[in-house]
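Okay, so here's the structure we're looking at.
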Amino acid sequence: SNLGGIFADWSRTVPAEAASKLSQLTDGNASTTTTYVIAQRWLQADAPAAMQWIDAMPMGTTRDFATLDVVAYDATIEPAEAFKWAQTISDGQTRLEGMTAAAVQWAAVDANAAIAAVQSTQLTADEQTTILNAVQQQVKSGMPPSPPYFNGPNVHVIKRNSGATGVPFD
C-alpha cells in the first residue's frame with residue numbers, strides 16, 4: 001500500500017519514529033511487511049531499542065517476522081542469542097527455520113554448544129533432527145556459513161548460498 005511505502009521511506013532515516021507512529025496508527029496490528037522493513041532498518045541503526053520494540057509486540061505473524069529480522073541480525077554476532085530469539089516465534093515452521101539458521105551459525109563457533117541447545121529444546125524429535133542435520137552438514141563442510149537471509153513475510157527462505165531462491169509458503 002502507499003502507506004507502507006511512506007513508512008518504509010520514513011524508516012530509512014528515523015526507524016524509531018516510524019515504528020512509534022505505525023504502532024499508534026494500527027493499535028499493534030501493523031502491516032506485517034511494513035513492520036518487517038522497519039525492524040530491519042531499526043536493527044541496523046539501534047539494535048537494543050529495536051529488539052525491545054519487537055519483544056513488546058503481541059504474539060503473532062507480525063512479531064514472528066520481526067523476530068526473524070533479529071535472528072538474521074544477531075546470528076553472525078551472537079548466535080546463542082539469535083537461537084533464543086528464534087525459540088519465541090509462534091508459527092512452528094517459521095520457528096524451525098529461525099532456529100535452524102541460528103544453530104548453523106552457532107555451530108561454526110561452538111558446535112557442541114549448538115547441539116546441546118537444540119537437544120535441550122521442547123521440539124519434537126523430527127524437528128530436532130532437522131536442525132541437527134543442518135548443523136552436522138555445516139560442521140562437515142568446514143566452511144563458514146553464509147549469514148541467514150529471510151526474504152520477508154511473503155516468502156520463507158533461508159539463504160545458504162548465492163543460488164538460494166524463495167519458495168512461497170501456504
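When all heavy atoms of Pro145 and Ala108 are compared, the closest pair comes out as CD-CB, 3.5 Å. Shown here for Leu43 and Met51, the closest heavy-atom pair between the two residues is CD2-CG, 3.9 Å. Scanning both residues, Thr76 and Gln105, for their nearest heavy atoms gives CG2-OE1, 3.3 Å. Closest heavy-atom contact between Gln87 and Met99: CG-CE, 3.5 Å. Scanning both residues, Leu123 and Arg95, for their nearest heavy atoms gives CD2-NE, 4.4 Å. Heavy-atom minimum distance, Thr88 versus Met59: O-CE, 3.0 Å.
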For a quick test of your reading: what N or O donor-acceptor pairs under 3.5 Å do the side chains of residues 78-86 make, sequence neighbours left out?
| from | atom 1 | to | atom 2 | distance (Å) |
| --- | --- | --- | --- | --- |
| Glu81 | OE2 | Lys84 | NZ | 3.3 |

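Remark: the backbone N or O of Ile89 is not paired with any side-chain donor or acceptor of Asp64 at under 3.5 angstrom. Not one N or O on the side chain of Gln138 forms a donor-acceptor pair closer than 3.5 Å with the backbone of Asn133. When atom types are taken as modelled, the side chain of Thr121 and the backbone of Ala117 share no donor-acceptor pair closer than 3.5 angstrom.
Atom CD1 of residue Ile115 and atom CG of residue Asp110 lie 9.0 Å apart, to the nearest 0.5 angstrom.
Using a 4.5 Å heavy-atom cutoff, the side chains of Thr67 and Met57 are not in contact.
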Inset, instruction - Would you check, one step at a time, whether the test side-chain contact (heavy atoms from CB on, under 4.5 Å) holds for Leu96 with Thr100? - result: CA-CA 6 Å; Leu96 184 62; Thr100 300; 4.2 Å; yes
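Looking at residues two or more places apart in sequence or on another chain, you find no salt bridge (charged side-chain N to carboxylate O under 4.0 Å, His left out) involving Asp46.
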